[in-house]
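Input: a single structure, listed below in structure tokens.
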Amino acid sequence: MDSFVRSLSVNPNRPCFFLQYGETSILLDCAMDLRPCLRFLPVTQVFTPGLAHIQRWQHGNSYLLTTDDDILENEGQLLINGAPEFELPNFQQIDPADLHYILISNFSQIFALPYLINERNFHGKIFATAPTVQLARDVFQDMSAYLTTYSTSLKAEKWKVKEVNQMLPPVLQSTRLHLWKSLCSMEAFETALKRIEIINFRQTVPLENSLVITAYSSGFAMGSCNWSIQSPEEKICYLADSSTLSTHVSPIDYDDIKNADVMIVSALNMDPARTLNDSLDKISKTVLDTVKDGGNVLIPFSRVDLLIDLLEYLYLYMDQLPTNIPINVVSSSARSMLFLSQVFSEWLTKDYRDKAYLPEEPFIHGEMLRNSRLQIYPSVDGKFSESFKSPCIVFCSHYSLRFGPGVHLMSQWKSSQKNSVIFTDPEFHFEEVLAPYRPFAMRVSYCPMDTRLTPSQLSKVIAMTEPKSLVIHDRYLTPFDLSQDPAEQIVRCHSSTKILPYRENVDIPIPVRYRWIDTIAGTAFLASIPMSEVAPSNGDSGKDENKAPPTIEPGKVLVGRIYGNLRALDNQYIIEPPTGITKAPLEPAHKFPPLSFSRPDAWKLARYLKREGFTDVLHEGGNGDTTDTGSAKLVSIEAGFTITITDGRTEVTTANPTRELRTKLKRVLEMVRLPEEPVVVGVQLENPNVFDVLPAPEGFMDVEQPGGSGKDLAGEMKALK
């Protein structure tokens, strides 16, 4: 089977890849795109006067007036008055029943998982690290606490009707509305998390078909990893959300992603001109200037690793802040997320890891909590409202400002020019985030803290790891901001690395063939195999007149047929003597010649299809023999499918796919599918205790397949008798 990779997501920074590697189907990440939620009105926990000025959208078309209050308008910006929705990957392109494995790289790329596997026919395995699972649980719980509690009564569906949507402004038109879904319940997400198998860094996990996966630190967040997928001959590496910066998390691991046959890359920093140091300096200056003027500072967040880094950085300026300035974190999961850094200390850098085993706090926020300089609250009501003091610094969720405690604080503080809001997340543009809150007087600072690899940094990683092929979104191959240096915005590779650009829902063939499977057999069993001497083949190979056939020394090579049982145990394939037979039956050499297979024979395929009940199968084009460069097409009008056999590829298309039709076609193709490469031939040397495995020499042919090329091995071997 051909190997390929297909992106199911339109956003390369929210990846979801379907990887077909030989017979094994793997899903790389399962991310949900959060950007569509910016099209919706903020979900308020309590009555918010700051959002009461937003009016119903007025449109001249009377048909659109039937949308009631589905669409509101604020200073020219249209907002949907309903529960926020998010975009899923295009799961319609795959069947969960065909998936064998799902690999999750970090906590931010997992939120679409319940929509794929819950209540669907998925029987595969899912792998992720322990911090990834716990961080995902905390972040999702924080989102779910507000959306499932305060937006359950908000319904806005009329604007999605095709006739209505086509008349809306382009900003609300989308060809992917069928992929927009509201957030599932915490119970549904927890059900999906329970199916995940925990894996550690550098832990080798054997899969089916002699594949092995290993997770390596990506340096992005606690537990975030890159993946290596290896067969006995080849290696595929997957890089997502990686960072070379020195933070508190375990640094990126380069060594084991080197020399990959294929490297798949996603989730890069798309604003390389804004460095992390510049953003931190701007944040500290904004905070100091605001509190000195008597104003409040609002910093929306969702990534706990950035929250930890910000608290560490602000601590350096604590001596410049009045001691009575409170620093608050308002989030339903903040306490759990902050203490994860102590629970999962083995996933940190060595310096922080060593501190965790000493009688001291490994992070500054632990000391700040003990000294009451830092306070954590689950929501804006209750204790936060009772103990609120101004001026103050507040970190709150969610960074989209469409739900969470930040909605209430933003609407309350926006009218004062003494206050400031600082946006640190690079996923959302601050202008879109602020659309429902206009007009406002508070100061706005955009300080993106994007620790992911920039295109230029990725170029250095590629030069260091030297992959043979690079699968990367074409967005990373052209400058996206003409005002910046183009060299910093483009991924560049050495000429020895082949670039394979991808787009959504397009199969990208990858240059891996995965031909051989290692097997184990005892020498006593191998010595019992009847062997025949092979004479040298000096004839025409039938493929290239100018290419001499390989030389086989007479008296040195013996060929025999193996009878036995193949046992698969712990990803090892063991050949054992057949049950009830102590020695393989001695058969004439000409009866079982070595076989060299090619593509399926069209006539044989047609016969099998008719046995399955497809009696109207017709053959179009070709002569039915596909052993050369010809092609063939089989068509069933009743069942509505077409099977096209071409050089190196067998393609099946169906007009009305059903599970029954899919099962029948799959069964037929498995019966007649043959590998493109020659089969393995057992070769026993003069020493009976030594056994080796070599490819079938050129010139060998299958005497049972007419039209084959090369010398008649049966005749050669018969002449030896």
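Looking at residues two or more places apart in sequence or on another chain, you find a side-chain contact (heavy atoms from CB on, under 4.5 Å) between Ser387 and Tyr377. Every residue was checked against the side chain to side chain donor-acceptor pair (under 3.5 Å) condition with Thr191, not counting sequence neighbours, and none meets it. Glu190 is linked by a salt bridge (Lys or Arg N to Asp or Glu O under 4.0 Å) to Arg137, counting only residues two or more places apart in sequence or in another chain. In this structure, Ser228 has no side chain to side chain donor-acceptor pair (under 3.5 Å) partners at least two apart in sequence or on a different chain. Partners of Tyr399 under the side chain to side chain donor-acceptor pair (under 3.5 Å) rule, at least two apart in sequence or in another chain, are Glu427.
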Side chain to side chain donor-acceptor pair (under 3.5 Å) between Ser420 and Thr290: does it pass, once the steps are laid out?
CA-CA 7 Å; Ser420 296; Thr290 302; 2.7 Å; yes
Carefully, step by step, assess Glu87 and Arg35 under the rule salt bridge (Lys or Arg N to Asp or Glu O under 4.0 Å).
CA-CA 8 Å; Glu87 186 171 310; Arg35 294 178 301 177; over 6 Å; no
Take Asp305 and His248, measure what side chain to side chain donor-acceptor pair (under 3.5 Å) needs, and give me the verdict at the end.
CA-CA 8 Å; Asp305 53 316; His248 62 277; 5.9 Å; no
Verdict with supporting geometry, Leu78 and Leu72, side-chain contact (heavy atoms from CB on, under 4.5 Å)
CA-CA 6 Å; Leu78 300 186; Leu72 304 180; over 6 Å; no
Give the intermediate values and the outcome of side chain to side chain donor-acceptor pair (under 3.5 Å) for residues Ser379 and Asp381.
CA-CA 6 Å; Ser379 64; Asp381 55 0; 2.3 Å; yes
Give the C-alpha distance, both sets of side-chain angles, the deciding distance and a yes or no for side-chain contact (heavy atoms from CB on, under 4.5 Å) between Val205 and Thr214.
CA-CA 6 Å; Val205 179; Thr214 312; over 6 Å; no
For side-chain contact (heavy atoms from CB on, under 4.5 Å), just list the numbers for Ser218 and Cys225, CA-CA rounded to whole Å, side-chain angles, deciding distance to a tenth of an Å, and then say yes or no.
CA-CA 5 Å; Ser218 69; Cys225 61; 5.5 Å; no
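Taken from CE in Met263 to CD1 in Ile257, the straight-line distance is 5.0 Å, to the nearest 0.5 Å. Between Cys447 atom SG and Asp425 atom CG the span is 12.5 Å, to the nearest 0.5 Å. Distance NE2/His398 to SG/Cys37: 6.5 Å, rounded to 0.5 Å. Atom-to-atom distance recorded for Ser185:OG and Asn118:CG is 8.5 Å, nearest 0.5 angstrom. In this structure, Ser459 OG and Gln457 CD are separated by 9.5 Å, a value rounded to the nearest 0.5 Å. Leu103 contributes atom CG, which lies 11.5 Å from atom CG of Asn226 (distance to the nearest 0.5 angstrom).
Taking 4.5 Å as the limit, every side-chain heavy atom of Ile299 sits out of range of all side-chain heavy atoms of Val394. Contact check for Trp413 versus Val421: no side-chain heavy atoms found under the 4.5 Å cut-off. When side chains are defined from C-beta on, Ser243 does not count as touching Arg452, because their heavy atoms never get closer than 4.5 Å. Put simply, the side chain of Phe17 does not reach to within 4.5 Å of the side chain of Leu8, judged on heavy atoms. Counting only heavy atoms from C-beta outward, the side chains of Arg438 and Lys414 never approach each other to under 4.5 Å. Looking at Ile308 and Leu310, their side chains never come closer than 4.5 Å, going by heavy atoms from C-beta outward. Considering only heavy atoms from C-beta on, Leu338 stays 4.5 Å or farther from Arg335 through its side chain. Within the 4.5 Å cutoff, side-chain heavy atoms of Ser242 are placed close to those of Ile252.
The backbone N or O of Ala128 sits nowhere less than 3.5 Å from a side-chain atom of Thr132 that would complete a donor-acceptor pair. Tyr115 contributes a side-chain N or O that, together with a main-chain N or O of Cys184, makes up a donor-acceptor pair within less than 3.5 Å. Side chain of Asp142 to backbone of Asp138: no donor-acceptor contact under 3.5 angstrom is found. Panel note: side chain Asn11, backbone Asn13; a donor-acceptor pair is recorded below 3.5 Å. Between the side chain of Asn74 and the backbone N or O of Ala435 there is at least one donor-acceptor pair closer than 3.5 Å. Side-chain N or O atoms of Ser217 include one that pairs as donor or acceptor with a backbone N or O of Pro251 at under 3.5 Å. Although no hydrogens or angles enter the test, the distance criterion places no donor-acceptor pair under 3.5 Å between the side chain of Asp29 and the main chain of Ala31. Between the side chain of Asn106 and the backbone N or O of Ala221, no donor-acceptor pair lies under 3.5 Å. The backbone N or O of Arg14 lies less than 3.5 Å from a partner atom in the side chain of Ser9, making a donor-acceptor pair. Side-chain N or O atoms of Ser250 include none that pairs as donor or acceptor with a backbone N or O of Trp347 at under 3.5 Å.
For Gly294 against Ser390, the heavy-atom pair with the smallest separation is O-OG, 4.3 Å. Contact record, Thr247 with Gly219: OG1-O, 4.5 Å, taken as the closest heavy-atom pair. Shown here for Lys389 and Pro326, the closest heavy-atom pair between the two residues is O-CG, 4.2 Å. In this structure, Val43 and Leu147 approach most closely via the heavy-atom pair CG2-CD2, 4.1 Å. The two atoms that bring Asp241 and Ala267 nearest to each other are OD1-CB, 3.3 Å, heavy atoms only. In plain terms, the two heavy atoms of Gln134 and Ser336 that are nearest each other are NE2-OG, 4.2 Å.
Annotation: Trp227 is not in aromatic contact with Phe127 [ring centroid separation under 6.0 Å not met]. Between Phe140 and Phe189, the distance separating the two ring centers is shorter than 6.0 angstrom.
Tested against Phe395, the residues Leu311, Val330, Thr424 include a single side chain to side chain contact (heavy atoms under 4.5 Å, CB included) partner, Leu311.
With salt bridges taken as basic N to acidic carboxylate O contacts below 4.0 Å, one links Glu432 and Arg39. Using a 4.0 Å cut-off between charged side-chain N and carboxylate O, Asp256 and Arg202 make a salt bridge. Ion pairing between Asp293 and Arg443 holds under the 4.0 Å rule for side-chain N and carboxylate O. In this structure, Asp281 does not pair ionically with Lys285, as no charged nitrogen and carboxylate oxygen lie closer than 4.0 Å.
In this model, a donor atom of one side chain and an acceptor atom of the other lie less than 3.5 Å apart for Ser456 and Thr454. At a cut-off of 3.5 Å, with distance as the only test, a side-chain donor of Thr286 or Ser445 sits close to an acceptor on the other residue.
Applying the ring-ring contact (aromatic ring centres under 6.0 Å, His included) rule to pairs touching residues 268-316 yields Tyr313-Tyr317, sequence neighbours excluded.
Ring planes of Tyr476 and His473: perpendicular class, angle over 60° (limits at 30 and 60°).
Within 6.0 Å of CD in Gln417 there are 12 or fewer heavy atoms belonging to other residues, nucleotides or ligands.
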